[in-house]
Amino acid sequence: MALKAVHVTDVPYLDQVPDKASLALYSARFSSQGVEIGRTSFKPSNFLVVGHRGNGMNSLQSTDRRMKALKENSILSFNAAANYPIDFIEFDVQVTKDDCPVIFHDDFILTQDNGTIYERRITELSLAEFLSYGPQREEGLAGKPLMRKTKDGKIVSWTVEIDDSACTLKEAFEKVNPSIGFNIELKFDDHIVYQQDCLLRVLQAVLHVVLEYAKGRPIIFSSFQPDAALLVKKLQSAYPVFFLTNGGTEIYYDVRRNSLEEASKLCLEGGLEGIVSEVRGIFRNPGAVNKIKESKLSLLTYGKLNNVPEAVYMQHLMGIDGVIVDFVEEVTEAVCKLVKKPEEVEDEMLLQGEEKVQNRPQFSQRELSFLLKLIPELIQ
């Protein structure tokens, strides 16, 4: 059955949808949790480091063991990342067919039985079915072996050095260090045009859990799905919402996803707080950074280049607000030395018994201008 396109301007507030909780009720309940309604802001005073899927994503074909150390999007990985001086962890949330928000990146989950591969869409599973994959929390119980399809279509065993069970959004709130903020990516399939009722059902299920369990934890919502990003902002004003974009590095049927300019336009028209761009999109078009900042939007980035400390430092110099990274330990260490004030670094190193403070790169305005002109050519 063909799915009907929906734009947020066509979607009523919750209090206009029959048999749905009203927006006023959501706002009142958020307010009762100590969150100030109607004054959402996101103006970080420090350069933010965000752990990608916790302590880093899994790349099962990588020769770098760090990409296969801990199971991504797991309680174990989230708390491992919390051991370092990060501000947020980022993870992907989907909603099962029985309305439970679970944490999993891929649209499909795969297993193998007697040599046959079975593939199921996450959103078509019940919670019990979803939790039956991989390691089980109950001692002596064996879960279905977890497989994964790589970008080139190869199906491999999802094997990591330290595994962990699948988890729900509720469990993350209950079991992850409360000092760490959550960047909740609202995950949708790029190949589906979602109906209005589907978006509402998914977002309400997520908001219900956030309302009940977030307490004082910092929260950011983000999504590549333009209508979902706009709608979650319309449904609540307690937490900032960011629009995720590839920044023009990939092209989609929805033009709102195809450039930083379109991303800025979407955010300004929908009252979103900022953009999360693939870092190559920023380096290819560094002039967009000033335009985004002049529009009073915050700007974060993601991508493999964010695992390179020099690329992270360059973004700090460009005025970007933070980075989402896989190599949490290495990048946080570099950021502490490169981004913090020299006297702060010196104090920390003296406390650790270190004698010499590592010098950060020094650039004149002329040199920085040259680098910003050179980088797009290098990225191309």
Side-chain angles (χ1 to χ4, degrees), residues 1-23 25-27 29-30 53 73 90-109 120-131 133 166-173 182-214 219-245 252 254 256-257 266 270-272 276:
M1 181 179 69
L3 293 175
K4 178 184 175 183
V6 54
H7 289 276
V8 74
T9 53
D10 302 321
V11 178
Y13 282 100
L14 284 180
D15 56 2
Q16 297 171 305
V17 179
D19 302 320
K20 302 290 184 179
S22 69
L23 178 63
L25 177 60
Y26 265 92
S27 296
R29 293 179 70 193
F30 272 116
R53 304 183 201 172
N73 277 336
E90 179 271 351
F91 52 76
D92 312 276
V93 171
Q94 304 184 58
V95 174
T96 61
K97 69 178 183 180
D98 48 354
D99 295 332
C100 182
V102 297
I103 300 177
F104 197 79
H105 174 269
D106 301 356
D107 296 319
F108 293 88
I109 193 166
R120 299 281 305 276
R121 185 179 287 278
I122 295 295
T123 54
E124 294 176 354
L125 297 173
S126 67
L127 174 61
E129 288 172 323
F130 171 74
L131 295 177
Y133 290 82
C167 67
T168 66
L169 179 60
K170 175 178 177 288
E171 284 181 295
F173 278 116
F182 284 176
N183 173 189
I184 300 174
E185 180 183 338
L186 304 165
K187 195 84 167 64
F188 295 90
D189 191 326
D190 289 338
H191 302 99
I192 293 177
V193 180
Y194 288 88
Q195 293 181 333
Q196 169 179 320
D197 288 348
C198 179
L199 288 176
L200 281 170
R201 182 185 71 83
V202 169
L203 297 179
Q204 286 180 325
V206 173
L207 287 173
H208 176 74
V209 174
V210 172
L211 167 63
E212 295 297 329
Y213 298 98
I219 302 290
I220 299 170
F221 289 114
S222 63
S223 185
F224 282 104
Q225 219 290 343
D227 294 315
L230 293 171
L231 184 53
V232 76
K233 185 62 185 178
K234 195 173 185 181
L235 296 178
Q236 60 82 45
S237 57
Y239 300 110
V241 180
F242 279 53
F243 180 51
L244 275 158
T245 176
Y252 298 87
D254 190 330
R256 296 174 295 177
R257 298 187 60 180
L266 179 88
L272 309 189
V276 184

Q: Nearest heavy-atom pair of H105 and N73: which atoms, and what distance?
A: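 Here H105 and N73 meet closest at N-ND2, 3.6 Å.
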Q: Enter the distance from L200:CG to K234:NZ here, rounded to the nearest 0.5 Å.
A: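 Answer for the CG-NZ pair, L200 versus K234, is 9.5 Å.
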Q: Once the angle between the rings of F173 and Y213 is folded into 0 to 90°, is it parallel (under 30°), tilted (30 to 60°) or perpendicular (over 60°)?
A: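 Aromatic pair F173/Y213 classed parallel.
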Q: Would you mind reporting whether Y239 and V210 have side-chain heavy atoms less than 4.5 Å apart?
A: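 Sidechains of Y239 and V210: in contact.
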Q: Any side-chain heavy atom of L230 within less than 4.5 Å of one from F243?
A: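 When only atoms from C-beta onward are counted, F243 and L230 do not touch, as no gap falls below 4.5 Å.
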Q: What residues form a side-chain contact (heavy atoms from CB on, under 4.5 Å) with L131, not counting sequence neighbours?
A: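 L131 satisfies side-chain contact (heavy atoms from CB on, under 4.5 Å) with L127, A166 only.
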Q: Let me confirm one number: the NZ-CG distance from K97 to L125, rounded to the nearest 0.5 Å.
A: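 One finds 7.5 Å between NZ of K97 and CG of L125.
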Q: May I ask you to decide if D106's main-chain N or O and Q94's side chain share a donor-acceptor pair within less than 3.5 Å?
A: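 The answer is yes, because a donor-acceptor pair under 3.5 Å joins these two groups.
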Q: Could you check if a side-chain atom of F130 sits within less than 4.5 angstrom of a side-chain atom of D98, using non-hydrogen atoms only?
A: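 No - every pair of side-chain heavy atoms lies 4.5 Å or more apart.
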Q: Please examine the side chains of K187 and I122, heavy atoms only from C-beta on, and report whether any two atoms are closer than 4.5 Å.
A: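 Counting from C-beta outward, I122 and K187 never come under 4.5 Å.
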Q: Name the one of V209, V232, L169 that satisfies side-chain contact (heavy atoms from CB on, under 4.5 Å) with I184?
A: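 Between I184 and the candidates, side-chain contact (heavy atoms from CB on, under 4.5 Å) is satisfied uniquely by L169.
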Q: Going by heavy atoms in the side chains, are F242 and N183 under 4.5 Å from each other?
A: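 When only atoms from C-beta onward are counted, N183 and F242 do not touch, as no gap falls below 4.5 Å.
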Q: At what distance, to the nearest 0.5 angstrom, does CZ of F224 lie from CG of D254?
A: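 If we round to the nearest 0.5 Å, F224:CZ and D254:CG are 13.0 Å apart.
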Q: Is the distance between the ring centroids of F182 and F91 under 6.0 Å?
A: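 That pair passes the under 6.0 Å test.
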Q: Quick one: CG on L231 to CD on Q204, what's the gap to the nearest 0.5 Å?
A: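 Here the interatomic distance stands at 8.5 Å.
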Q: Which atom pair, heavy atoms only, marks the closest approach of G271 to K233?
A: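 Between these two residues, the closest heavy atoms are O-CE, 3.3 Å.
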Q: Would you say that F104 contacts I109 through its side chain, given a criterion of any heavy-atom pair below 4.5 Å between the two side chains?
A: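 They are in side-chain contact.
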Q: Given L207 and F221, is the side-chain contact (heavy atoms from CB on, under 4.5 Å) satisfied, shown in steps?
A: CA-CA 10 Å; L207 287 173; F221 289 114; 3.8 Å; yes
Q: Quick check against the 3.5 Å criterion: does E185 have a side-chain atom that pairs as donor or acceptor with the backbone of S223?
A: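 The answer is no, because no donor-acceptor pair under 3.5 Å joins these two groups.
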Q: Given 3.5 Å as the limit, does a donor-acceptor pair link the side chain of Q236 with the main chain of A238, or not?
A: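 Yes: the side chain of Q236 pairs with the backbone of A238.
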Q: Any idea which heavy atoms bring C100 and T168 closest together, and the distance?
A: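 In terms of heavy atoms, the two residues are closest at SG-CG2, 4.0 Å.
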Q: Would a 4.5 Å heavy-atom cut-off, applied to side chains only, mark Q225 and I192 as touching?
A: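 When only atoms from C-beta onward are counted, I192 and Q225 do not touch, as no gap falls below 4.5 Å.
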